[in-house]
Number of protein chains: 4
Amino acid sequence: MFFASDNTSPAHPKVMQALADANEGYAMPYGNDPIMDRVRQKIRDLFEAPEAAVYLCATGTSANSIALACLCQPWQTVFAHRNSHVEEDECGAPEFFTGGAKITLVAGDHAKMDPKALREALTFTGRAGVHNVQRGALTLTNTTENGTVYSVSDVAELAAIAKSFDLPVHMDGARFANAIAATNASPAEMTWKAGVDVLTFGGTKNGLLGVEAVVLFNPDKAWEFELRRKRGGHLFSKHRYLSAQMEAYVTDGLWMQLARQANDAAARLSAGILDIEGASLMHPTQGNTVFASWPRGGHKRAHDAGAAYYFWPMDQDLEGPEDELLSARLVCSWCTTSQDVDQFLSLLRG
Amino acid sequence: MFFASDNTSPAHPKVMQALADANEGYAMPYGNDPIMDRVRQKIRDLFEAPEAAVYLCATGTSANSIALACLCQPWQTVFAHRNSHVEEDECGAPEFFTGGAKITLVAGDHAKMDPKALREALTFTGRAGVHNVQRGALTLTNTTENGTVYSVSDVAELAAIAKSFDLPVHMDGARFANAIAATNASPAEMTWKAGVDVLTFGGTKNGLLGVEAVVLFNPDKAWEFELRRKRGGHLFSKHRYLSAQMEAYVTDGLWMQLARQANDAAARLSAGILDIEGASLMHPTQGNTVFASWPRGGHKRAHDAGAAYYFWPMDQDLEGPEDELLSARLVCSWCTTSQDVDQFLSLLRG
Amino acid sequence: MFFASDNTSPAHPKVMQALADANEGYAMPYGNDPIMDRVRQKIRDLFEAPEAAVYLCATGTSANSIALACLCQPWQTVFAHRNSHVEEDECGAPEFFTGGAKITLVAGDHAKMDPKALREALTFTGRAGVHNVQRGALTLTNTTENGTVYSVSDVAELAAIAKSFDLPVHMDGARFANAIAATNASPAEMTWKAGVDVLTFGGTKNGLLGVEAVVLFNPDKAWEFELRRKRGGHLFSKHRYLSAQMEAYVTDGLWMQLARQANDAAARLSAGILDIEGASLMHPTQGNTVFASWPRGGHKRAHDAGAAYYFWPMDQDLEGPEDELLSARLVCSWCTTSQDVDQFLSLLRG
Amino acid sequence: MFFASDNTSPAHPKVMQALADANEGYAMPYGNDPIMDRVRQKIRDLFEAPEAAVYLCATGTSANSIALACLCQPWQTVFAHRNSHVEEDECGAPEFFTGGAKITLVAGDHAKMDPKALREALTFTGRAGVHNVQRGALTLTNTTENGTVYSVSDVAELAAIAKSFDLPVHMDGARFANAIAATNASPAEMTWKAGVDVLTFGGTKNGLLGVEAVVLFNPDKAWEFELRRKRGGHLFSKHRYLSAQMEAYVTDGLWMQLARQANDAAARLSAGILDIEGASLMHPTQGNTVFASWPRGGHKRAHDAGAAYYFWPMDQDLEGPEDELLSARLVCSWCTTSQDVDQFLSLLRG
């Protein structure tokens, strides 16, 4: 009953095995290992993008920030949802890597950017010429921070607006696998076919120890990406251990299998919570995260039994009237079992 | 016969086992895992520094750069040897993390900073007040990039010069273990007792997959370090996998055992090369790296047999007269065996 | 009838004379001119701040940005009104000078920050520890971008909130003189006595060619300011020409005389517009700027007669029905005459 | 007898008159003043460069730094003479504006870059691919910091080396006028015809209050320059006062007249010093600055009579044996008279 975050779950055994296998003998460093050659090819195949440049980073923050720095000049601004990870959870990393670009916050329900709000923000930005920061890039998070998912047409609509202003589009796919599992879209449809130029293809939250691939569908900025990655201290000397994780991830559909397990657990959890009297969802459950409220009594029982999750917002109090509603975020991962979910639900029901 | 770099060697089996052990169940992210608590304590004990702040980074470049950014303001300069890693091999990472500080290059034979040159550089810097960049920090690399080692008294002398100008001292210890193995100094003697304020305590080149500890003997900058690490994208969510590596490293003296193996291999290699007619060392062999020249014939035979190493400087030609001397860098690691060395030497002798 | 901006007006004759006087013979450069010694003393006297550090910059953007960089670390955020100059009109200069800090936008009517909104923004910021940017500094603009004025008690209230979070307070006083003229507060009351730590004391918009003083009431950051100013290319070699302007400005109350002239013109203009049928003010007229709307017919007549000002917002159309209301910004300066105002009003009335 | 620096001299009367003339009535801000239109045209004509983009900055440091930031990425390095202003006298401004680029120091006598040293530095840089900072731009200072002058063929030779590595070339022409006066080259010959891409065309040291033009012979980076200038706080609202200075400067050859006066004074001074027994020049006198040594007795007499100049290096002592040689830097400016020089020389001779 551990729903605190998907980054608290362990790595999948196949990933651990791949690490062990990669540990044989000597290997060329800095991404010149033969495993990386295979990873590059597998990801190009997966995305139907034979020209794409593919790189590995060990953290999502670095993957996002280096990608954005390649797309946005220091005097420009990144358009992001106000609840995006780049705005709220990276301690200013995009500002650091871009050399001081801004992030323009765009509204929209359930952490999904509203197309009208995006168009307005784009129109407003740079209206006074040299006195204003200029339009830089659009970044979309899929699956969003609220556990909702952009469909292919959602992405295409927003990307088209960005393109009408000549802006490149980045997708923060820390939970990309969950979005694919939710929509059954192909990776290509969800990305470059819909207008995405650069993808952070997350693995860390979905069964790896710590690896994200950055996929530049247009390789023009590949060398710049490499230099920024190195200069940011994110080029690993013993790179084979990143390669090995990612190879396991994209082999035999492991990434999709794990995402489906997480999404299924969240769906089961979400449905079960809705059966509780007084319970409701704050956001639709579309990926692996459930945002819901239910009476304090259920929270107390879960807490006493050792269940782990965060109140959302965090400043709520476990003490108080039994029937008052408290809201929470519950994150499922690849290793959340039906038993975990059912045991948790039975506690909630009391 | 793989002497290309110590970062091409695999991780030690105990480290792999520690990773596997750490993969059980859920763990709190971002350094709040219980393994990290043990790591912190073990490193404090190892360095006789109960107050030290201890953090993990996954690359040496990030560890060095974040540490230097805590010590050096943007309008200041870091005093470094001209052959240091921070100057030559990090694509400007210290400049990036500090916000544009300079690196002032200090001379000295065999990649060891000359005290007189340091004093002169310090005296010269900032002489014109606001018009000049100001003195920021001293960084020393031990073991150096030329495979030589600063003794405790070497460090103390240079640190004292820096302190006389009120400068903090950083040590890039990517190969710190090899320096300790070479000198039999205690970790405390080589660092804070000699005037070092912040140490990058390297593990990656010495049997880990990719972890360096940063030890701030004075914890005043600890929170700043944490913020800079996060903002640089270097705070790992699944931090336990870093912790596990470092725990294995500092348990039962593994770090020293591995460094001794590497140093011993280098000593055997160095001595063997000197037995070859015409051969000589470019730098004294004190750590795990040998810089030597010998006749081209030996290079050809080694090359044909598949031995891997770099010419040093790199722009030398394998083709040419047999007896012409070509120089090379040979790096031994924890997994370099006596057999490797002897086989290589026999090829050189022909 | 030139109401486009106060930065389109000429310099006052006394300022030009001071420049001419300063042009005699040789003078020490970089702020070591004797005029600067007098300026420093006069400003200290004016602000009853004998310990204050006083520096000159030639642009408001540089003065604000260097000041903020001294108060806000790269991983922190500046709390500013969403209609502030630092947010909207400096092309990201604060982000550049701080090394990538954020600006957190705080709401409030008429470009005055709402204390409740400030408190909420402060409370929200940094709630997740290392994952968030941290609280950095508060900046207030007085006179605001909407021509309104913070009273001494307004400033004190907002500064006290900032201080309760240990934040320093900056005041962008590009139109500080107009605020003093509007409130009859003393410079000390409006600044350090109300909790302001650093003031940009503007002169450019109020009769100078281009000089702002930065007053650090606490001189602890003085040397850092000097280094940042130099490094930003804002330390003038022939500094005497900045000093001379500022000396004229703070001699015999010229700065207040000019601000009163501008404020009086705006008051006359504002009152006259309100006499027009259908006209209204978008913001109260408290300083030297009027935000008002009146029927298109009046705009057309003014435009045909060569009056200069901006529609506000800018994307309104001079062509259309006569009685439709169009809104505008009208900025008065020290050289706006009653005749200018009356002539303009008569055009508006038709 | 004021030889401390050319930035201690006053502005020329024609420049002051131009300022006064510019002070009439209202003028559009931020470079949209009509005087700037004329300045742009005059500079294009002067440089036979009808397509050039022309901008004004108020300090040499800002002009150089913004120009270099347009030419050099953060992960690249600027090749500069080790005695250049950008390296020694700007407190790291190029590092700041470029976002942390390096400056690679190139040797050469008398502050003139040695072509062989440049080629070696270029060849060495970036040899290890992504691990190294990359080649960015070449910057040459003409007149140099040692008072020597690059001929057109000197510039062409160095620029050709840079171009063979695809590098752009910047010229720091803080004393460009003195170099033109020394060589009788045309402005076009000395710049774009010899391979210079961007020129800082200095006025401050040669009779203005504080204006430098930046001339981008290829206007591709013009918009980037404008944004960087604004973001750096260097776009003046009351821009007409910069325009007016520069217009006077390039009208009727004033800039050349003033430079010739300064060079002639330096030549007279240099020749006179060489007549003194024991005296010698440290660098050839080619522009407006003399580097010379003569016996302490002469220094004492000059000092007692109130002559102002710097020992070079600065740490020499006025007290000591009369006949010991002390070295000094003597800078002449447009307002140095023959009488000043002769009076000074008579003191030296005793």
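Bear in mind that the values here come from a model prediction, so they are computed numbers and not experimental data. Below, chains carry the letters A, B, ... as their sequence lines are ordered, and counting in each starts from 1. The figures here come from the full heavy-atom set of this structure, side chains too, leaving out hydrogens, waters and symmetry mates.
The closest side-chain heavy-atom distance from B:E145 to B:T289 is not below 4.5 Å. At least one side-chain heavy atom of B:L254 sits less than 4.5 Å from a side-chain heavy atom of B:V15. Annotation: side chain of A:S237 is in contact with side chain of B:T204 (closest heavy-atom distance under 4.5 Å). Counting heavy atoms from C-beta on, the side chains of B:Q245 and B:L19 come closer than 4.5 Å. Between B:T144 and B:N83, the closest side-chain pair of non-hydrogen atoms is not below 4.5 Å. Residues B:Q257 and B:W255 form no side-chain contact, since every pair of their non-hydrogen atoms from C-beta on lies 4.5 Å or further apart. Between B:E226 and B:Y55, the closest side-chain pair of non-hydrogen atoms falls below 4.5 Å. At least one side-chain heavy atom of B:M1 sits less than 4.5 Å from a side-chain heavy atom of B:F3.
Both the backbone and the side chain of A:H234 come within less than 4.5 Å of a heavy atom of chain B. A:Y26 touches chain B through backbone and side chain together, each having a heavy atom under 4.5 Å away. The contact between B:C335 and chain A is made by backbone and side chain atoms together, counting heavy-atom distances below 4.5 Å. For a residue to count as touching a neighbouring chain, one of its non-hydrogen atoms must lie under 4.5 Å from one of that chain's; by this rule B:A4 does not touch chain A. For chain A, the nearby part of B:Y30 is the side chain; its heavy atoms alone come within less than 4.5 Å. Using a 4.5 Å cut-off between heavy atoms, B:L242 does not touch chain A at all.
Ring pair B:F176/B:F201 is perpendicular by interplanar angle, where above 60° counts as perpendicular and below 30° as parallel. A perpendicular orientation is assigned to the rings of A:Y309 and A:F344, their planes being inclined by more than 60° (bins at 30° and 60°).
When each of A:G210, A:S5, A:A58 is scored by its heavy-atom pairs under 4.5 Å with chain B, the top score falls to A:A58. Among A:D33, A:T59, A:L209, the residue making the largest number of heavy-atom pairs under 4.5 Å with chain B is A:L209. For the set B:G232, B:G60, B:S333, the entry with the most heavy-atom pairs within less than 4.5 Å of chain A is B:G232.
Salt-bridge formation is detected for the pair A:D342/A:R268: a Lys NZ or Arg NE/NH1/NH2 atom is positioned less than 4.0 Å from an Asp or Glu carboxylate oxygen.
Although no hydrogens or angles enter the test, the distance criterion places no donor-acceptor pair under 3.5 Å between the side chain of B:R175 and the main chain of B:G147. Looking at B:D340, its side chain does come within 3.5 Å of a backbone N or O of B:T337 through a donor-acceptor pair.
Not counting sequence neighbours, A:R329 has no partner by the salt bridge (Lys or Arg N to Asp or Glu O under 4.0 Å) test.
Residues of residues 6-13 of chain A that come closer than 4.5 Å to chain B, counting heavy atoms only, are A:D6, A:N7, A:T8, A:S9, A:P10, A:A11, ordered by residue number. By a heavy-atom distance cut of under 4.5 Å, B:T61, B:S62 are the residues of residues 61-74 of chain B near chain A, going up by number. Taking 4.5 Å as the heavy-atom cut-off, the residues of residues 86-94 of chain A that approach chain B are A:D89, A:E90, A:C91, A:G92, A:A93, ordered by number.
To the nearest 0.5 Å, atom OH of residue A:Y241 and atom CD1 of residue A:I35 are 9.0 Å apart. To the nearest 0.5 Å, atom CG of residue A:L208 and atom CH2 of residue A:W334 are 10.5 Å apart.
B:T143 and B:N178 share no side-chain donor-acceptor pair at under 3.5 Å.
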